[in-house]
There are 2 protein chains.
Amino acid sequence: MASIKDVAAEAGVSVATVSRVLNDHPSVSADARTRVLAAVETLGYRPNAVARSLRTDQTRTLGLVISDVLNPYFTELARSVEEEARALGYSVIIGNADERPDLQDHHVRTLLDRRIDGLLVSPTDGGSPLMLDAARAGTPMVFVDRWIPGVDVPVVRAEGRAAVRDLVAHLHRLGHRRLAIIAGPAATTTGQERVEAFREALGAHGLELPDAYIGQGDFQAESGRRVTEGFLDLAEPPEVVFAADNLMALGALDAVRARGLRIPGDLALAAFDDIRWFVHTDPPITAIAQPTGELGRAAVRALVDRIEGRPGESVTLPARLVVRRSCGEHPTPVQRSTT
Amino acid sequence: MASIKDVAAEAGVSVATVSRVLNDHPSVSADARTRVLAAVETLGYRPNAVARSLRTDQTRTLGLVISDVLNPYFTELARSVEEEARALGYSVIIGNADERPDLQDHHVRTLLDRRIDGLLVSPTDGGSPLMLDAARAGTPMVFVDRWIPGVDVPVVRAEGRAAVRDLVAHLHRLGHRRLAIIAGPAATTTGQERVEAFREALGAHGLELPDAYIGQGDFQAESGRRVTEGFLDLAEPPEVVFAADNLMALGALDAVRARGLRIPGDLALAAFDDIRWFVHTDPPITAIAQPTGELGRAAVRALVDRIEGRPGESVTLPARLVVRRSCGEHPTPVQRSTT
DNA sequence: AGCGCTCGTGGAATCGATTACACCGACGGG
DNA sequence: CCCGTCGGTGTAATCGATTCCACGAGCGCT
């Protein structure tokens, strides 16, 4: 592969001049410029990004470590992150943690080894020493969706409290009183928060959230299935199950179907995170929708701000309830999703 | 950030020795080794992958350019690719083309600039000059799922012909005679092949595939919706629609729902690519399942073979039909999906 | 004792860029 | 006419690793 030296030889100038042309530095004669450009063309020269990064100490690359690529929510997030990054002149390297802290660490480590300019993380757990060290060492970093308390890093996320309140109000109005939740890992902020918000919202209606109605999931489908089975085996099973993410809702669907039960007749179901398929499931699923694309873009902007020396601030955007049929029908017509 | 020089100074040896310890070269004294290791520990030293890559001319990184991250099929593919690559000591950088040739080129270019060791591509179109040049220039490359004819590059893909034949037989047995297809872009091999296989299978039953029953989609949901609308507006609408990928099937579902029609009563639906949600849609969707994970792993193995100087061969794995309810019920019990 | 190994080590070249510094010629002002 | 300035250019240092080569010490063999 042609290097800058070859271009210099071909154009009859020094490598310095070639470099200046390529980085359009002002003081290059028109003549030299055209000769260099011609040489670049004939040789099909492309600058070696590795060498450039070594010299300039910047890679113009962002690392994105997400909890699970198979989760459509994170996939959409990744897409908007890449889009915004590209618009700002950065590339993105995605690492998929599969909800495993060890894999998360593996990716953080390789990304750091590659000297990415900044790191976007949706942490799978309470924070490994590795990540904490990186943050302390001054690696530009931003948390997205989930975060780690006590670390001085901007957080970009959705606020679901209000939407959860709306959801519980909706469920209460439909006559449901025994509400259960499939929670995410307690080590994640979203895992905790959603349970808290749910409990609080129940309280507002004078309802309790007994321990038996809190199932411990891990944000993956299989755990949703297992927890739902457990709920159905209770002497007094819940009337509603609220899954803290869409994959666990999928698992719940599996469990209900395996028993030959009907939603919402035998059990109502709602989920955090709205995805396109929820419109077409049997029945369509009531969900809390996050402004995923905007979250991704805001996170990139915050990170790039940090990288380029600007403050880079936290952002919190509201989530909203999208009512469908999985919790039962109102006697009177209600707002219906248009998605 | 500490460099190899700092480690050398701390350990009281030369950088050469440090490097040797790090790459466990045999001829290093036990004493030097422990001193170096200790220095590495106290400084928290991590080798700079950028510098290493420049010197060794290898990045131990694979580029993966997929057509659409929002498509669960590619997401699953990406996951298995990363998994296998990691097992073989490589990282993966994913580029999402969003089915746009210009974006695909953008990613191929940046990946090449980064001097990735090899490229895994599922081409969005018939092949840009850029990709052809790269292949000709000897960049290790492997096509996965889709490929570009006439380029000497291994292809790892699923063979769907037999499964499509099974599907058509199934549809025929159910009494359907007017079968339509939502095709993918003609510029993609999968776009063409699936239509061809469908036409051939129809022929075996003495059925035609009129032009009016071939809708031109682009593998994205919106096109599936649009094409399905077109089908429904025909004087003689088809009885079955076969979507060439899962996103277009989603679009078809949208269209059918918008008209207040029922599946399979008013229109039957089948799709290429099976995904978990198809079990829970209303109704569950009959689909052709690819061995996605195995495809991804085989592709990585072929690519790494090429990179490391071994032949690296093409692989074709069979797809299979998964019958669900979206095409109607058999009067007699039939094989039913277990997923 | 002397020769030739091997082993462990360090110095220095190298990868492909960027960029500080020096230099040279032309030009304008005093 | 001379000097300072500036535009255009090249030389060489540099980034952080790897690795070739040389060298010295120690050892075994004759």
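Chain naming here is simple, since letters A, B, ... match the order of the sequence lines and numbering starts at 1 in each. Remember, it's a predicted structure, so these values are computed and weren't measured experimentally.
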In whole angstrom, what separates [X]'s [atom1] from [N]'s [atom2]?
| X | N | atom1 | atom2 | value |
| --- | --- | --- | --- | --- |
| B:Asn23 | D:dT19 | CG | C1' | 10 Å |
| A:Asp24 | D:dG8 | CG | C1' | 16 Å |
| B:Arg114 | C:dA17 | CZ | P | 15 Å |
| B:Leu22 | D:dA17 | CG | P | 8 Å |
| A:Met1 | C:dG16 | CE | P | 11 Å |
| A:Ile4 | C:dT14 | CD1 | P | 18 Å |
| A:Leu54 | D:dT14 | CG | C1' | 9 Å |
| A:Arg52 | C:dT19 | CZ | P | 10 Å |

side-chain N/O [X] vs [N] OP1/OP2, d < 4.0 Å:
| X | N | value |
| --- | --- | --- |
| A:Ser29 | D:dT9 | yes |
| A:Arg55 | D:dT14 | no |
| B:Ser27 | C:dC7 | no |
| A:Asn48 | C:dC15 | no |
| A:Ser14 | D:dG10 | yes |

Nearest to the side chain of [X], heavy atoms from C-beta on, is which of [options]?
| X | options | value |
| --- | --- | --- |
| A:Ala32 | C:dC15, D:dT9, D:dA13 | D:dT9 |
| B:Ala16 | C:dT19, C:dG10, C:dT18 | C:dG10 |
| B:Thr17 | C:dG10, C:dT18, D:dT9 | C:dG10 |
| A:Val15 | C:dC15, C:dA17, C:dT18 | C:dT18 |
| A:Val28 | C:dA17, D:dT9, D:dG10 | D:dT9 |

For [X] and [Y], test the side chains for any donor-to-acceptor distance below 3.5 angstrom and give the result as yes or no.
| X | Y | value |
| --- | --- | --- |
| A:Asn96 | B:Glu82 | no |
| A:Ser67 | A:Arg146 | yes |
| B:Gln104 | B:Thr124 | yes |

Practice item. Please figure out whether B:Arg20 or B:Pro47 has its closest DNA chain D nucleotide nearer the 5' end. Key: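 Result: B:Pro47.
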
Practice item. Answer yes or no: is there a donor N or O on one side and an acceptor on the other, between the side chain of B:Thr75 and the main chain of B:Tyr73, under 3.5 Å? Key: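 Flag not set: sc B:Thr75 to bb B:Tyr73 has no pair under 3.5 Å.
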
Applying a 4.0 Å non-hydrogen cut-off, can you work out what [X] is touching in the nucleic acid: base, sugar-phosphate, or nothing?
| X | result |
| --- | --- |
| B:Ser3 | sugar-phosphate |
| B:Asp57 | nothing |
| A:Val18 | nothing |

Practice item. Begin with the C-alpha distance, continue with both residues' side-chain angles, and end with the deciding distance and a verdict on salt bridge (Lys or Arg N to Asp or Glu O under 4.0 Å) for A:Asp145 and A:Arg157. Key: CA-CA 4 Å; A:Asp145 184 49; A:Arg157 65 192 189 96; over 6 Å; no

Exercise for review: Might you point out which heavy atoms bring A:Ala135 and A:Val153 nearest each other, and give the distance in Å?
Suggested key: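 What the structure gives for the nearest pair is CB-CG2, 4.2 Å.
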
